[in-house]
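Take a look at the structure below.
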Amino acid sequence: MNYTLVEKDLWVWDKKKEKEVRKSSKTKNQHLQDMLRKCVQNEMKFRYVLAASWYGSAENMNYIAKDLKRFFVIPLKTNRKVALPLKDKDKENGLYQTVSDLDLEQGSVTAIYLEGLDFPLNLTKRIFKNEDDSEAVLYLVSNDLTLDADSMAALYQKRGGVEEFHASLKGNTSLAASPTKTKRSQKNHVFASIYAFVKLASLRIEVNLNHFALRSKLYFKALKASFHELNRLKAQAGLA
């Protein structure tokens with residue numbers, strides 16, 4: 001529904017690298033809030049904002065809940081500080097603990113206060129296995145206190161389409177293969193890649209093949225046509 005390009009328009013001194021490096025004058029949180037604001041201005045209908053833990057700052061959560069009057073479902077990093085509202089007034093006394101230290105059961109919902117927020121959240125813990133059979137833990141929070149654990153997880157899984165979008169942009173539309181150097185040509189290339197994704201998505205509905213299968217089929221057809229043309233040229237030239 002919206003995207004933005006990060007422009008590194010400032011030169012700053014990097015102490016670790018001991019040299020000047022380029023940096024954006026806008027933070028990732030400012031970019032997110034700008035995009036959400038534009039969605040509201042365009043009168044998009046939405047109730048929830050789903051984001052990766054990368055965007056799970058108190059600043060963003062405050063903005064979504066208070067300024068936009070929307071709900072969010074966002075995972076927490078394991079080192080985030082939380083307080084239990086029903087336990088000896090932990091929040092009032094500033095007694096926060098890291099979320100990974102909480103004794104939580106998978107599938108349950110716990111009311112917590114997150115450091116930096118003055119309103120309560122629902123927290124749930126999900127345990128799952130990675131492709132290499134290693135175990136991972138996901139801590140999800142939401143300001144919609146009516147959600148149970150399964151509802152929070154189901155909502156967050158809707159982000160899967162975004163991950164497919166990113167993978168297809170990189171793997172099927174040559175997003176990262178741009179030879180461009182100027183800001184304008186780079187912006188044009190990114191837009192063309194997104195437009196190509198839209199065309200692939202439309203074709204996917206028609207032929208019932210995913211983007212990667214479509215690309216393979218197109219490449220095979222192109223190679224077959226090239227081989228046929230090569231043989232025709234060789235025969236025309238009298239070559240064996």
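No experiment lies behind these values; they were computed from the predicted model shown.
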[X] side, atom [atom1]; [Y] side, atom [atom2] - distance, nearest 0.5 Å:
X	Y	atom1	atom2	value
L138	I127	CG	CD1	10.5 Å
N42	N2	CG	CG	7.5 Å
N122	L140	CG	CG	11.0 Å
R80	E115	CZ	CD	8.5 Å
S142	M61	OG	CE	9.5 Å
M152	R126	CE	CZ	9.0 Å

Can you name the closest pair of heavy atoms from [X] and [Y] and give their distance?
X	Y	answer
M1	C39	CB-SG, 4.4 Å
A51	P75	O-CD, 3.1 Å
A65	N143	CB-ND2, 3.5 Å
W11	E20	CZ3-O, 3.7 Å
N79	T98	O-CG2, 3.9 Å
I74	V49	CG1-O, 4.4 Å

Are K26 and D34 close enough for a salt bridge, meaning some N to O gap below 4.0 Å? yes
Do you reckon [X] sits in the same ILVMFWY cluster as [Y], going by side-chain contacts under 4.5 Å, direct or chained?
X	Y	value
L50	L114	no
V99	Y156	no
Y113	L145	no
L169	F191	yes
V82	V73	no

Less than 4.5 Å apart, side chain to side chain, heavy atoms only: is that true for [X] and [Y]?
X	Y	answer
V190	Q186	no
Y139	T124	no
L123	L102	yes
E206	S202	no
L121	F119	yes
V40	L36	no
S24	H31	yes
K234	L230	yes

Tell me if the [atom1] atom of [X] is crowded by more than 12 foreign heavy atoms within 6.0 Å.
X	atom1	result
E229	CD	yes
F220	CZ	no
Y3	OH	yes
E18	CD	no
F165	CZ	yes

Side-chain donor/acceptor of [X] to backbone N/O of [Y], under 3.5 Å:
X	Y	result
N62	A58	yes
D148	V109	no
T27	Q30	yes
H189	S174	yes
N60	Y55	yes
T173	F197	no
S151	L147	no

With a distance cut-off below 6.0 Å to the six-membered ring centre and an angular limit of 45° from the axis, does K28 pair with W54 as a cation-pi contact? yes
Under 6.0 Å from the ring centre and within 45 degrees of the ring axis: does the NZ or CZ of R70 meet both conditions for the six-membered ring of F46? yes
Any side-chain donor near an acceptor of the partner, [X] and [Y], under 3.5 Å:
X	Y	result
N188	S185	no
D9	S25	yes
D144	Y48	yes

Passing option when E7 is tested against K183, R22, K23, K187 for salt bridge (Lys or Arg N to Asp or Glu O under 4.0 Å): K183
Would R232 and Q236 count as a side-chain hydrogen bond (donor to acceptor under 3.5 Å, both in side chains) if you check the C-alpha gap in whole Å, the side-chain angles of each, and the deciding distance to 0.1 Å? CA-CA 6 Å; R232 188 188 70 79; Q236 182 178 335; 3.2 Å; yes
One pair to check against salt bridge (Lys or Arg N to Asp or Glu O under 4.0 Å): D118 and K66. What are the steps and the verdict? CA-CA 11 Å; D118 60 5; K66 294 183 176 181; 3.0 Å; yes
Does the side chain to side chain contact (heavy atoms under 4.5 Å, CB included) test come out yes or no for L203 and K199, once each step is laid out? CA-CA 6 Å; L203 189 58; K199 300 296 285 186; over 6 Å; no
Let me see the working for L68 and Y63 under side chain to side chain contact (heavy atoms under 4.5 Å, CB included), right down to the final yes or no. CA-CA 6 Å; L68 300 185; Y63 179 76; 3.7 Å; yes
Steps toward side chain to side chain contact (heavy atoms under 4.5 Å, CB included) verdict (Q97, L84): CA-CA 9 Å; Q97 57 185 312; L84 300 174; 4.3 Å; yes
